[in-house]
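Contents: one structure, followed by commentary.
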Amino acid sequence: MANDDRGGYPEFFSPDRIASRARLLEAGIDPYPYSFCETHSVEAVRADFERLAAEGRELRIAGRIAAIRTMGKSVFADLRQGAARIQLYIRKGGSVPEILIREIAPGDIAGVAGRAFRTRTGEESIEVLELSILCKAAAEIPYGKAKDGRSWYALEDVEIKRSKRYLDWITDPASLERFRKRSEIIALIREYMRKDGFLEVETPTIEPVYGGAEARPFATSIYALGNRKAYLRISPELYLKRYIVGGFPKVFSICQNFRNEGIDSRHNPEFTMMEWYEAYTDYERQMDRFEELTCLLAEKIRGGLSFEYAGGTLSLERPWRRIRVPEVAERLLRKPWDRATKEDIGDALVSAGALRPGDRAAAVARESKGALLMELIEHALAGELFQPCFLMDHPRDISPLTKARRGNPDFVERFEPFIAGMEVGNAYSELTDPVEQFERFKAQRDAQRGTGKDYEDHPLDEDFLHAMACGMPPTGGVGFGVDRIVMILLGAESIRDVIAFPMRRAQE
RNA sequence: GAGGGGGUAGCUCAGGCGGUAGAGCAACGGAUUUUUAAUCCGUAGGUCGGGGGUUCGAGUCCCCUCCCCCUCACCA
């Protein structure tokens, strides 16, 4: 910096650029004009370059200046629109005022009018006849250097890339593309659902009673209602079922869920959930649907069902492997489920190395039999869950919203799709018997009492029970983590690379 | 929550056996009449994450603390 007097401005204001802004204003040039009339995108110019160059018609293009190379009387600049770029050629002493050529800088947003032509070296370029600064950037943009898709000295610090996503997007076309594709994936999901007759609906984000999942909620209060306690949604499930009860047989919702739990490469306190319910179907039908939707997304986004992820090759070829919990349980415990005790599972966990011997007693006391079993199974199968599969027919005691497995009532008709070892979703043949639902809720509460998991006073959602008592058709429902599906489809190994503004510890 | 790695100029990184901070790129000034990771000459830029301690002297050693990344544990 030639000048370190920041005049009380934040340190990210560049004195050089503030001075440049002042010089432009002094010359009567507004560096922050109100509009610019574009005739072409960079992409459009690229796509039709030869014809446009031959016609010599005036093109008007706007974008961000990413680099400037001056060579005597010639100035070359890169104009970027997202991942697309084109070179500008400005001749000093031509129609572009000297002051604009002098003050334009990398990071500024510019509008140009000019003609398409090829330089002596063959580079597709725009000869600039008019130049407007559409925004003088006041901060330095860490562009680094780039050529042929490679870059040098560019912003790489993931801390900055994630906390200042705008800089990440400005400087890294790959990041921009990742988030464009995320949006495309969500659009494809909506398209698939609509085509099959599903209605997109909304549910409350702020709820008097939370439910539909087991998680610590975010608590808040409602001023207008005497500071009544309220919670951010941990799942849309109980409200979506009210739609089903009321007469919408096929509904879905894509929404943020909020869970006040850990933050790591697979968990963000708020994450995007896609959840749907389809009346008159069971979980078998929904397993097909989940496969179908995931494969459709893979075809459209990756161009096929087989692609690299996390150092391995995923194959989404249908049908995916079905892993039945009761069968795995019997194999691991070497005795029938009804004869196995919590202590047996505790022993198995210890001998599998999933639990320290000293923690066994506490775990057995704290967790339900079903929860212990799932811990054991997920540990035992960890190496087998890379290829897409369905873990299905979970223990009844950890699945309070699910119908019993036909012919095996200790288990339920539930499945969790796993891809690349990640649990990406959860689905049921939904429980529809209101009396049993009431009993299950009570049993779940009793089981949680004193385990440290009864986070808040958590009243039963009586209104939900009332809805169910009014009659809910047989229904299959599926919820999946959109962020995780996006991670897999886009090759991201951290959820923070697919959430635009992930939760951070550091505060400004 | 536990273990490991890291935080030095706007960006990418050196230095680290304690002696008072370096490079490249970016920025700024200049040269160069078609360049493209342009090049060349010059200038400026850092309380080495924060606090405390040891020392004549700490980016470098010790303690505390904040933040980031990875692995593990819990949750989608």
Given the rule in the side chain to side chain donor-acceptor pair (under 3.5 Å) test, do A:Tyr210 and A:Arg259 qualify, once you have shown the distances and angles that lead to the verdict?
-> CA-CA 11 Å; A:Tyr210 62 93; A:Arg259 299 189 185 175; over 6 Å; no
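- Taking the side-chain hydrogen bond (donor to acceptor under 3.5 Å, both in side chains) definition, one finds that A:Arg91 meets it with nothing, sequence neighbours left out.
- Nucleotides B:G5 and B:A37 place their P atoms 39 Å apart, quoted to the nearest Å.
- With a 3.5 Å ceiling on both atom-pair distances, B:G57 lacks any Watson-Crick or G-U wobble partner.
- Taking side-chain N and O atoms only, A:Arg496 has a distance below 4.0 Å to OP1 or OP2 of B:C70.
- Applying the Watson-Crick and G-U wobble criteria (two distances, each under 3.5 Å), B:G42 pairs with B:C28.
- OP1 or OP2 of B:A38 has at least one side-chain nitrogen or oxygen of A:Arg69 nearer than 4.0 Å.
- Nearer the 5' end of RNA chain B, as judged by each residue's closest nucleotide, is the contact made by A:Ser494, out of A:Ser494 and A:Ala354.
- Residues A:Glu423 and A:Met71 both approach RNA chain B. Their nearest nucleotides, taken by heavy-atom distance, put A:Met71 toward the 5′ side.
- Taking the C1' atoms as reference points, B:C62 lies 38 Å from B:A26, given to the whole Å.
- Residue-nucleotide stacking is not present for A:Tyr153 and B:C11, judged by a side-chain ring centre under 5.5 Å from the six-membered base ring centre and planes under 30° apart.
- Comparing B:U71, B:U12, B:C74 by their closest approach to the side chain of A:Ser265 singles out B:U71.
- Checked against the 6.0 Å centroid threshold, A:Phe290 and A:Phe480 count as a close aromatic pair.
- Ring-to-base geometry places A:Phe271 in a stacked arrangement with B:A76 (centre distance under 5.5 Å, plane angle under 30°).
- Distance check on atom C1': B:G18 versus B:U35 gives 49 Å, rounded to whole Å.
- The shortest distance between the side-chain N/O atoms of A:Arg259 and the OP1/OP2 oxygens of B:C74 is not below 4.0 Å.
- Here A:Lys147 reaches the OP1 or OP2 of B:A37: one of its side-chain N or O atoms lies under 4.0 Å away.
- Contacts of A:Asn268 with the nucleic acid, taken as non-hydrogen atoms under 4.0 Å apart, include base atoms.
- Closest to the A:Lys145 side chain, of the nucleotides B:U39, B:A73, B:U34, is B:U39.
- Side-chain atoms of A:Leu155 lie closest to B:C11 of the nucleotides B:U35, B:C11, B:A27.
- Ranking B:A27, B:U35, B:U33 by closeness to the A:Thr121 side chain, first place goes to B:U35.
- Base pairing of B:C72: its partner is B:G1, meeting the Watson-Crick or G-U wobble criterion (both donor-acceptor distances under 3.5 Å).
- Applying the salt bridge (charged side-chain N to carboxylate O under 4.0 Å, His left out) test to A:Lys136 and every residue at least two apart in sequence or in another chain returns A:Asp108.
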Polar atom pairs (N or O), protein with nucleotides 2-9 of chain B, under 3.5 Å:
none

